[in-house]
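What follows is a short report on a single structure.
Being a predicted model, the structure only gives us computed values, none of them experimental. All residue numbers in this chain count up from 1 along the given sequence.
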Amino acid sequence: MNKLQKRSWAEPFKIKVVESIKMTTREERERAIKDAGYNTFLLKSEDVYIDLLTDSGTNAMSDRQWSGMMMGDESYAGSKNFYDLEKNVREYYGMPHFVPTHQGRAAEHLISRILIKPGDFVPGNMYFTTTRLHQELAGATFVDVIIDEAHDPENEHPFKGNIDTQKLEDLIKKVGADKIPYVSMAGPVNMAGGQPFSMENLREVKALCDKCGISLWFDATRACENAFFIKEREKGYQDKNIAEILKEICSYFEGLWISAKKDLLVNIGGFLATRNDEVYEKACNMVVVYEGLHTYGGLAGRDMGAMARGIEEMVNYDGIRARIGQIEYCGQELEKYGIPFVKPIGGHAIFLDAKKILEHIPQEQFPAQTLAAEIYVDSGVRSMERGVVSAGRDAEGGNKHPELELVRLTFPRRVYTQAHIDVTVESIASVFENRKNIKGLKMVYEPEYLRFFQARFEKL
Ligand code: F0G
């Protein structure tokens, strides 16, 4: 290509409001991480310089969304914002019924309680922490049926979020279809490194589920990013827009749940949506027990208003292109230093391969937890562990040892600039250079559920 013809991507927005961030010294950060028990979830955000902990609820809303906040209808029942949101859930996700919830895990709680009986099995394409926990608390055993490639950080399969239909079929044969209330499919798969499934795979899974009379449910939390990868990578979708691809994806599912804190470009919210009248009726009944009336589900009217407008913005191709472009840029820069991370570059984050980077630290000494703490001390960049701590314990009480021992650098939508990424990469490069001198951690406090949020550690 002629050099003059090259055009980089750039964000399809400009910045109207800014928020100051504090710079800290290394000594301050050493103290802060020690006080936080070497757990980045326990740091105060004012001690963080560049916050890549999560893309959940950390998005910058648009001027349209902020102005919509002023139009919040804070009635207890039948808020106008609820009906605006319902209209968009129908139009963009193609689901006739929906129940708002305060965030994603509340919708997971409802659907797990409604569909699962004790002793059931729920197959899924790798686990997500809160999703699996709600399935387990409802009495199910989660079974991972993702393709093997997903467990290998170096495998460049374009759709590492795919379900292995043979594994699924084997499970159905083994336990019987009546013990499988639904197949739980997410895309892109968070714990695999933000890896998408293909439409072809989804159709195969749907055909198998139909054949066996099992329903198929979707964790649509980052569905637009999955749609983007289908457009980029799958034959036959280049000329379709994100909204069309999203609608086709959803058409194969009986229902879906969502953490609106991601795709929908808001700071709080979630919902359960379905085409199944009976499930909807049960959800309406349960939501009043755990969340609030079925027309607000634990949310303020203004939050539903921001979600309704966020749905209209989330399908903007240039917006997703710039978001994923930012993550690709980070990956390309890390590559220049030879720093290992999960390939292909995923949808919402870069996942550093802590097992490789800190190969001298055994998994029982929490290499990813250690690496996240070291990066914070170096520069104030906050990331999170996605490895043995996140995986939790097995039925016998031992640590689960996932193949993937990762540190996630997660990019909030519309928040940071390319210069923030440069600083992040430079810091990781200096930690990488010094990696041989880094020592592991021991866990000194462990909560019962979702231990990664609140566990505390000490340096070995
Ligand atoms: N499903 C997926 C795929 C998620 O990534 C999350 C949250 C949830 C469900 C639960 O939603 O947080 O609104 O209750 N993921 C966040 C993260 C926490 O950092 O990846 P929630």
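R222 has no carboxylate O lying under 4.0 Å from a charged side-chain N of D263, or vice versa, which leaves the two without a salt bridge. Between E254 and K206, no side-chain nitrogen of the basic residue sits less than 4.0 Å from a carboxylate oxygen of the acidic one, so the salt-bridge criterion is not met. Salt bridge annotation for E27-R31: absent, with no cationic side-chain nitrogen under 4.0 angstrom from a carboxylate oxygen. Using a 4.0 Å cut-off between charged side-chain N and carboxylate O, R29 and D378 make no salt bridge. Salt bridge present: R451 and E446 bring a charged side-chain N and a carboxylate O closer than 4.0 Å. Salt-bridge annotation for D318 and R321: absent, with no side-chain N of the basic residue lying under 4.0 Å from a carboxylate O of the acidic one. A salt bridge is defined here as a Lys NZ or Arg NE, NH1 or NH2 lying under 4.0 Å from an Asp or Glu carboxylate O, and R435 with E374 fails to meet this definition. Of the charged side-chain nitrogens involved, at least one lies within less than 4.0 Å of a carboxylate oxygen, so that R132 and E136 count as a salt-bridged pair. Salt bridge E30/K459: absent, no basic N to carboxylate O contact under 4.0 Å.
Under the rule for a ring-ring contact (aromatic ring centres under 6.0 Å, His included), Y445 has no partner lying at least two apart in sequence or in another chain. For T130, the side-chain contact (heavy atoms from CB on, under 4.5 Å) partners at least two apart in sequence or on another chain are R105, E108, F128, L450.
At a cut-off of 3.5 Å, with distance as the only test, a side-chain donor of K261 or Q103 sits close to an acceptor on the other residue. Residues Q363 and E405 have side chains that bring a donor and an acceptor to within less than 3.5 angstrom of each other. In the model, E364 has a side-chain atom that pairs as donor or acceptor with a side-chain atom of H401 under 3.5 Å. A side-chain donor from one of H102 and E291 sits under 3.5 Å from a side-chain acceptor of the other. Using modelled atom types, one finds a donor on one side chain and an acceptor on the other under 3.5 Å when comparing Y252 with E248. No hydrogens or angles considered: nothing links the side chains of Q454 and N39 as a donor-acceptor pair under 3.5 Å. Side-chain polar atoms of N190 and R408 form a donor-acceptor pair below 3.5 angstrom. A donor-acceptor contact closer than 3.5 angstrom is absent between the side chains of T274 and N276. Under the 3.5 Å distance criterion, with hydrogens and angles disregarded, a donor-acceptor pair is assigned to the side chains of H151 and D144.
The only member of D353, V425, I350, I428 that meets side-chain contact (heavy atoms from CB on, under 4.5 Å) when paired with I339 is I428. None of R323, R414, K262 except one satisfies the salt bridge (charged side-chain N to carboxylate O under 4.0 Å, His left out) rule with D55; the exception is R323. Y93 pairs in a ring-ring contact (aromatic ring centres under 6.0 Å, His included) with only one of the listed residues (W257, F253, F271), which is F271.
Y237 has its ring centre no less than 6.0 Å from the ring centre of F229. Aromatic ring centres of F228 and Y317 lie closer together than 6.0 Å. If you look at H109 and Y290, their ring centroids are closer than 6.0 Å. Taking the six-membered ring for Trp and the full ring otherwise, the centers of Y38 and F457 sit at least 6.0 Å from each other. Aromatic ring centres of F41 and F453: separated by under 6.0 Å.
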| Between Q418 and D422, does a side-chain hydrogen bond (donor to acceptor under 3.5 Å, both in side chains) hold up when you go through it step by step? | CA-CA 6 Å; Q418 200 152 306; D422 288 335; 5.7 Å; no
| said: As a quick check of understanding, evaluate ring pair (Phe, Tyr, Trp, His ring centres under 6.0 Å) for Y182 and F121, giving each step before the final call. | reply: CA-CA 8 Å; Y182 63 103; F121 294 83; over 10 Å; no
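Between N162 and S198 there is a side-chain heavy-atom pair separated by less than 4.5 Å. In this structure, T58 and D51 have side chains that are not in contact, with every pair of non-hydrogen atoms separated by 4.5 Å or more. Residues L52 and F411 form a side-chain contact, since some pair of their non-hydrogen atoms from C-beta on lies under 4.5 Å apart.
Atom CD of Q238 is surrounded by more than 12 heavy atoms from other residues, nucleotides or ligands within 6.0 Å. Within a 6.0 Å radius of NZ in K400, more than 12 heavy atoms belonging to other residues, nucleotides or ligands are found.
Each salt bridge (charged side-chain N to carboxylate O under 4.0 Å, His left out) pair with one or both residues in residues 39-49, not counting sequence neighbours, appears once here: K22-D47.
With F341 as the aromatic partner, K343 meets the cation-pi criteria of under 6.0 angstrom to the ring centre and within 45 degrees of the ring axis.
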